[in-house]
Amino acid sequence: MTENNTPKYRLYQNTGFMVSTAWRVRRSVIFLVMLLAVLAAANTAAQLFAAPMILRKVETLAPLPELLTVIGVFGAGLPVLSGLEAYVRQNALFGRIAVRQDIVLQLEHKAARTSYPNTMRADFQSFQEKSYRACYDNRSAAEGFWNTLTELLSNGLSFLLWVVLLSGLNPLLLCVIGVTCGAGYGLGRIVGGWGWRHRRKEGECHRKMAYIRRAATGRLYAKDIRIFGLRPWLEQVWDNGFFQYRKFLGQRARVYMGGDFGEAALAFARGGVIFSYLLWLTQKEGMGVSEFFLYFTAANGFTVWITGILDNLSLLHRQSLELSVIREFLEWPEEFAFEEGKPLAKEAGKGYELRLEQVSFSYPGSEKETISGMNLTISPGEKVAVVGLNGAGKTTLIKLICGFLDPTEGRVLLNGEDIRQYNRRDYYELFSAVFQDFSVLEANVAENVAQRVDEIDMDRVRACVDMACLTERVETLPQGLFTKIGRQVYKDGVELSGGQTQRLMLARALYKDGPILVLDEPTAALDPITENDIYLRYSRMTEGKTSLFISHRLASTRFCGRILFLDQGRIAEEGTHEELMARQGLYAGLFEIQSKYYREKGEEDGQDSGKGFVCSGNQA
């Protein structure tokens with residue numbers, strides 16, 4: 001899907017979307033729109049007739065009781081109508097917020113559960129950002145739509161009243177009013193359409209500015225900014241981005257200002273014609289003060305309401321464009337099969353064979369294949385290590401096996417069946433994994449291990465924490481397993497070191513207990529001896545499971561029954577550690593370089609190679 005200048009959905013279609021959403025979430029929103037429109041029109045009509053009718057009684061020398069009665073009716077009725085309208089308007093707000101929140105939840109659901117490749121697409125991210133902006137606050141399209149619709153209906157009812165009231169005047173006057181209002185509306189559409197036609201440019205400016213702001217103020221880059229003195233560079237990047245954005249805003253302001261001047265000129269001409277015509281009627285036909293006041297107010301009101309109708313239609317059109325973006329994002333095509341796919345149940349004790357048949361993969365926009373013509377079979381219960389230099393394709397291979405990516409050529413098979421036919425979420429249930437770019441939630445330790453907030457098996461959590469060599473650290477925390485991690489949400493949260501966080505992720509993988517285990521360099525923050533110890537423990541703890549261990553430290557994977565050495569997206573060598581060392585090829589050469597480095601490093605640091613990492617507590 002690509003952005004173009006034509007929205008996928010029309011105004012009536014987006015109106016139907018909002019009405020159907022409100023009917024499902026909070027039906028009162030629809031009825032309150034109609035009630036508010038009636039109350040607003042009634043309030044406007046009462047205000048229109050109040051002064052002329054009182055003046056009429058004065059002009060005709062009506063008895064005092066009759067005059068006071070008219071004054072009393074309007075004096076009491078107007079506050080009641082205004083108060084009732086304000087009360088209904090305020091209470092209508094809650095239902096509208098509920099509808100907007102439902103749309104936000106739909107957006108979150110789409111973003112969190114979409115096919116993994118979508119998360120890497122710039123156009124998907126652009127639509128996602130604009131969709132969230134359309135739901136940002138009460139004035140955004142996802143909620144402001146209802147206010148615009150209410151005003152449109154109210155203006156429509158008032159317009160009908162005005163047509164009846166002004167039907168006795170010269171039709172030419174009504175034509176002048178209609179033509180000038182129509183011209184103003186057309187001008188507004190042209191001006192409003194400019195923003196839509198240039199939305200991609202605006203979106204790019206927003207995205208760049210938001211990225212720079214996050215980089216300059218977030219914790220992720222805080223150390224680099226201070227150590228490398230990146231402030232001047234960031235300020236320059238910000239200034240360049242802001243210059244482009246300011247240039248865009250200036251261009252937009254000139255377009256909008258021209259539209260405002262045009263509409264002001266039309267309004268001035270329209271008011272002059274109305275006043276001149278009514279003044280002529282007063283001089284030629286002796287129109288009374290009350291009648292003059294009524295028609296002058298009505299004529300101006302006619303202008304206001306027809307302009308209001310057209311303005312609200314224009315605003316509704318702009319909001320419809322934003323709602324169309326929301327709907328296009330929600331309906332973004334999925335590369336993977338989910339609920340419509342074939343169910344795949346995880347069966348305890350069942351073995352799973354993974355096979356790649358002539359698999360190739362290249363990232364969008366890349367001319368070079370990251371994985372090229374790979375054939376690989378991983379038998380049930382087999383422990384396989386994937387090693388190689390950076391950029392060899394190790395992580396991409398894991399993403400293909402785990403189902404995050406589909407091959408550009410070839411097939412990935414599970415027990416002989418193409419994984420593309422299955423519900424991809426069911427397929428994910430087969431894996432317990434720890435990746436390089438793991439995520440820690442702002443929640444307590446137990447919730448991070450179990451990845452849930454209720455029905456947590458605490459005995460199992462303790463066992464997994466113990467097996468991941470994290471028990472000693474947890475026992476020092478203020479509330480043990482119930483201690484909050486992170487300080488962005490909780491003031492009493494704690495920060496774990498890189499190695500401790502990685503062990504927490506290992507405990508999480510153990511808790512899930514999937515039949516296929518994947519460790520994609522999860523121990524990079526640990527020293528080689530500790531990494532070796534963790535991997536050996538994992539090997540024992542996951543006996544019988546199909547396991548893939550990825551590491552750039554070759555010594556950590558010697559225990560695996562088969563080692564794959566990747567080079568430029570291909571399996572350059574494979575075999576046991578002993579077989580690969582005897583071959584004296586790429587693996588043996590890299591192993592010798594690494595082992596020499598660690599020996600020299602240990603001698604420099606005065607380390608005893610026999611003093612490995614010892615995990616406290618009862619270990620498996």
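As the structure is a prediction and not an experimental result, all values here were calculated from the model.
- Remark: side-chain polar atoms of Arg452 are paired, donor with acceptor, to backbone N or O of Asp454 under 3.5 angstrom.
- Of the possible donor and acceptor atoms, none in the side chain of Lys130 sits under 3.5 Å from a partner among the backbone N and O of Val325.
- A 6.0 Å sphere centred on CZ of Arg24 holds more than 12 heavy atoms belonging to other residues, nucleotides or ligands.
- Summarising the geometry, atom CD1 belonging to Ile419 is positioned 10.0 Å from atom CG belonging to Leu430; distances are rounded to the nearest 0.5 Å.
- Of the possible polar contacts, none joining the Glu322 side chain to the Ala142 backbone as a donor-acceptor pair under 3.5 Å is found.
- Closest of all the heavy-atom pairs between Val461 and Ala450 is CG2-CB, 4.4 Å.
- Asn147 and Thr150 share no donor-acceptor pair across their side chains, judged by distance under 3.5 Å alone.
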Point to revise | Evaluation steps, side chain to side chain contact (heavy atoms under 4.5 Å, CB included), between Lys491 and Arg487 | key: CA-CA 6 Å; Lys491 292 182 179 180; Arg487 293 173 182 162; over 6 Å; no
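- Taken from CE in Met34 to CG in Leu157, the straight-line distance is 11.5 Å, to the nearest 0.5 Å.
- Remark: the backbone N or O of Arg10 is paired with a side-chain donor or acceptor of Gln13 at under 3.5 angstrom.
- Sorted pairs that involve residues 38-53 and meet salt bridge (Lys or Arg N to Asp or Glu O under 4.0 Å), not counting sequence neighbours, are lacking altogether.
- Tyr136 OH to Ser131 OG: the interatomic distance, rounded to the nearest 0.5 Å, is 16.0 Å.
- The two atoms that bring Glu442 and Gly486 nearest to each other are OE1-C, 3.1 Å, heavy atoms only.
- At least one side-chain heavy atom of Leu32 sits under 4.5 Å from a side-chain heavy atom of Leu35.
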Check your understanding: What's the verdict on side chain to side chain contact (heavy atoms under 4.5 Å, CB included) for Asp311 and Leu315, showing C-alpha distance, side-chain angles and the deciding distance?
Key -> CA-CA 6 Å; Asp311 285 345; Leu315 177 57; over 6 Å; no
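- Taking the centre and axis of the six-membered ring of Phe338, the NZ or CZ atom of Arg425 falls inside the cone set by 45° and 6.0 Å.
- Looking at Asn43 and Ser82, their side chains do bring a donor and an acceptor atom within 3.5 Å of each other.
- Listed here is the closest heavy atom pair of Ser154 and Ala41: OG-N, 3.7 Å.
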Exercise for review: Show your working on side chain to side chain contact (heavy atoms under 4.5 Å, CB included) between Arg96 and Arg26 and close with a plain yes or no.
Suggested key: CA-CA 8 Å; Arg96 297 176 182 184; Arg26 194 73 64 88; over 6 Å; no
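- The main-chain N or O of Trp23 is found under 3.5 Å from a side-chain atom of Arg27 such that the two form a donor-acceptor pair.
- With hydrogens and angles disregarded, a donor-acceptor distance shorter than 3.5 Å links the side chain of Gln451 to the backbone of Asn448.
- No side-chain heavy atom of Pro478 sits under 4.5 Å from any side-chain heavy atom of Asp492.
- Checking side-chain atoms of Ser320 against main-chain N and O of Leu316 turns up no donor-acceptor pair under 3.5 Å.
- Residues Asp406 and Arg424 are paired through a salt bridge, judged by an N-O separation under 4.0 Å between the basic side chain and the carboxylate.
- Ring centroids of Tyr427 and Phe336 are separated by 6.0 Å or more, keeping the two rings apart.
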Practice item. In sequence, state the C-alpha distance, the side-chain angles, and the governing distance for Ile103 and Met18, and then conclude on side chain to side chain contact (heavy atoms under 4.5 Å, CB included). Key: CA-CA 9 Å; Ile103 295 175; Met18 291 299 290; 3.9 Å; yes
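- Side-chain contact between Tyr245 and Leu249 is present, with heavy atoms from C-beta onward closer than 4.5 Å.
- A 4.5 Å side-chain heavy-atom check between Phe482 and Glu447 finds every atom pair outside the cut-off.
- The closest side-chain donor-acceptor pair between Glu143 and Asn138 falls under 3.5 angstrom.
- Side-chain contact between Val255 and Arg252 is absent, with no heavy atoms from C-beta onward closer than 4.5 Å.
- By the neighbour-count criterion of 12 heavy atoms within 6.0 Å, atom CE of Met458 is densely surrounded, having more than that number from other residues, nucleotides or ligands.
- Considering all non-hydrogen atoms of both residues, Ala111 and Gln128 come closest at CB-NE2, 3.4 Å.
- To the nearest 0.5 Å, atoms CG (Asn14) and NE2 (His317) are separated by 10.5 Å.
- The cationic atom of Lys484 (NZ for Lys, CZ for Arg) lies less than 6.0 Å from the six-membered ring centre of Tyr490 and within 45° of the ring axis.
- Taking both residues in full, the closest heavy atoms of Ser140 and Asp137 are given as OG-OD1, 2.9 Å, listed atom of the first, atom of the second, then distance.
- Judged as a side chain to side chain donor-acceptor pair (under 3.5 Å), the pairs with a partner in residues 104-114 (not counting sequence neighbours) are, in order, Asp102-Gln106, Glu108-Tyr132, His109-Arg113, Lys110-Glu334, Arg113-Glu339, Thr114-Asn118, Thr114-Glu334.
- Residues Val25 and Arg100 form no side-chain contact, since every pair of their non-hydrogen atoms from C-beta on lies 4.5 Å or further apart.
- The aromatic rings of Tyr116 and Phe404 are tilted relative to each other, their planes meeting at an angle between 30° and 60°.
- Counting only heavy atoms from C-beta outward, the side chains of Lys342 and Asn423 never approach each other to under 4.5 Å.
- Side-chain atoms of Leu39 and Tyr87, non-hydrogen and from C-beta on, never get closer than 4.5 Å to each other.
- Of the inter-residue distances, the one linking Phe17 atom CZ with Tyr9 atom OH reads 9.5 Å to the nearest 0.5 angstrom.
- The two residues Val440 and Ile485 come nearest to each other via the heavy atoms CG1-CG2, 3.8 Å.
- Put simply, the side chain of Thr148 gets close to the backbone of Gly144: a donor and an acceptor are under 3.5 Å apart.
- Here CG of Leu36 is found 8.5 Å from CD of Glu151. Values are rounded to the nearest 0.5 Å.
- With 3.5 Å as the limit, one finds a donor-acceptor pair spanning the side chains of Arg318 and Ser314.
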